[in-house]
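For reference, the structure discussed in these notes is given below.
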2 protein chains.
Amino acid sequence: METKLAVALLSSIAQEARLEIFRLLVQTGSEGMAAGGLAEKLGIPASTLSFHLKELTHAGLVTPNQQGRFIYYSANYQAMNDLLAYLTLNCCAGEQSCCTPQCSSEKTGQA
Amino acid sequence: METKLAVALLSSIAQEARLEIFRLLVQTGSEGMAAGGLAEKLGIPASTLSFHLKELTHAGLVTPNQQGRFIYYSANYQAMNDLLAYLTLNCCAGEQSCCTPQCSSEKTGQA
DNA sequence: ACTATATTTCCATGATTATGGAAATATAGA
DNA sequence: TCTATATTTCCATAATCATGGAAATATAGT
């Protein structure tokens, strides 16, 4: 991954509303959630939400899927994983692995 | 980790110059690199670099360490790991782990 | 065609952010 | 104290980004 792409991905979630949207979708799983559901659950006005969903979609972290009048958005896990891998690539100058594997679907506490 | 903190961390690296600084420090390891070394290696004017280092330091992703006239900056691996863990926390609605462990100090290719 | 619902686009406004030269500040050595 | 080097602060400017109501667009059912 090149720097500009990583910046685009990071920028798309470096904003409170968008990070909440993304995290909710990450937890929701592959079926995703419709824009209206997100708006209601997060309390974000439709036009504002639409703006943020477009940002996330354009960056590639979220994927829309039209089902009738609804558009279901879901997290793009592959893009997220590529980003996380990029951040830790070749870390620590070969010292004993300082950045341990983080990812788990069932971590208990807050990180 | 709460959303606002995660946004602060993400914002601090959601910028090309700062992401390059951070990635260089991540790869440099715990001894870090002086501001002047970063400026030379990345070709960033001193005042601009100082601005970005302050952003990264304030967010907590980078730690300064004064040694005489030099200030060595190093990556805060703990903060980075906490952030990565936060992004994937409770992911995938309990499906088989869709976000696999990413972190390694010796990955070979590009992510 | 008409109605209801879902979502997006338009747009003006306000807010935040990045840049780099010049000057200021700090530290070390002689 | 004087000089050289390292880094930061100051500052004005330009650029980018976030907000949400109103209107427009799309889809489905009758």
Side-chain angles (χ1 to χ4, degrees), chain A residues 3-25 28 31-76, chain B residues 3-25 28 31-76:
Chain A
T3 304
K4 283 183 201 301
L5 174 56
V7 167
L9 295 174
L10 289 166
S11 295
S12 75
I13 51 173
Q15 204 277 342
E16 194 165 1
R18 287 200 297 271
L19 183 56
E20 282 174 352
I21 294 165
F22 180 68
R23 293 252 309 127
L24 182 50
L25 292 178
T28 295
E31 74 273 18
M33 189 178 292
L38 290 165
E40 184 181 24
K41 190 136 187 174
L42 297 173
I44 300 174
S47 68
T48 301
L49 179 69
S50 183
F51 167 77
H52 290 309
L53 285 172
K54 195 170 67 171
E55 296 283 303
L56 287 165
T57 301
H58 183 254
L61 274 182
V62 140
T63 306
N65 185 336
Q66 182 137 15
Q67 297 283 105
R69 284 174 298 176
F70 300 83
I71 300 180
Y72 287 84
Y73 286 89
S74 55
N76 182 342
Chain B
T3 305
K4 284 183 201 300
L5 174 56
V7 166
L9 295 174
L10 289 166
S11 295
S12 75
I13 50 173
Q15 203 277 344
E16 194 165 0
R18 287 200 297 270
L19 183 56
E20 283 174 352
I21 294 165
F22 180 68
R23 293 253 308 127
L24 181 49
L25 292 178
T28 295
E31 75 273 18
M33 188 179 291
L38 290 165
E40 184 181 25
K41 190 137 189 174
L42 297 174
I44 299 174
S47 67
T48 301
L49 179 70
S50 182
F51 167 77
H52 289 309
L53 285 172
K54 194 170 67 172
E55 296 284 303
L56 287 165
T57 300
H58 183 253
L61 274 181
V62 141
T63 305
N65 185 337
Q66 182 136 15
Q67 297 283 105
R69 284 175 299 175
F70 299 83
I71 299 180
Y72 287 84
Y73 286 89
S74 55
N76 181 343

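By convention in this document, chain letters (A, B, ...) are assigned in the order of the sequence lines, proteins followed by strands, and residues within each chain are numbered from 1.
The main-chain N or O of B:Phe22 is never found under 3.5 Å from a side-chain atom of B:Glu20 such that the two would form a donor-acceptor pair.
Using a 4.5 Å cut-off on side-chain heavy atoms (C-beta onward), A:Ile21 and A:Ile13 make no contact.
In this structure, the nucleotide among D:dT8, D:dA18, D:dT27 sitting nearest to the side chain of B:Leu53 is D:dT8. Nearest to the side chain of A:Arg69, among C:dT7, D:dT9, C:dA4, sits C:dA4. Taking the side chain of A:Ser50 as heavy atoms from C-beta on, and the options D:dT8, C:dA18, C:dT8, the nearest nucleotide is C:dT8. In this structure, the nucleotide among C:dT7, C:dT27, D:dT19 sitting nearest to the side chain of A:Thr48 is D:dT19.
Among the protein residues, A:Tyr72 comes within range of no part of the nucleic acid, since none of its heavy atoms lies under 4.0 Å from any strand. Within the 4.0 angstrom heavy-atom criterion, no nucleotide atom of any strand lies near B:Ala17. Among the protein residues, B:Ala34 comes within range of the sugar-phosphate backbone only, with heavy atoms under 4.0 Å from sugar or phosphate atoms but none that close to a base. Within 4.0 Å of A:Ala46, counting heavy atoms only, lies at least one base atom of the nucleic acid.
Between B:Ser12 and B:Leu61 the shortest heavy-atom distance is OG-CD1, 3.3 Å.
Between the CG atom in B:Leu56 and the CG atom in B:Asn76 there is a gap of 11.0 Å [rounded to 0.5 Å].
Of the side-chain N and O atoms in A:His52, none sit less than 4.0 angstrom from OP1 or OP2 of D:dC17. Between B:Gln15 and C:dT19 there is a side-chain N or O to OP1 or OP2 distance below 4.0 Å.
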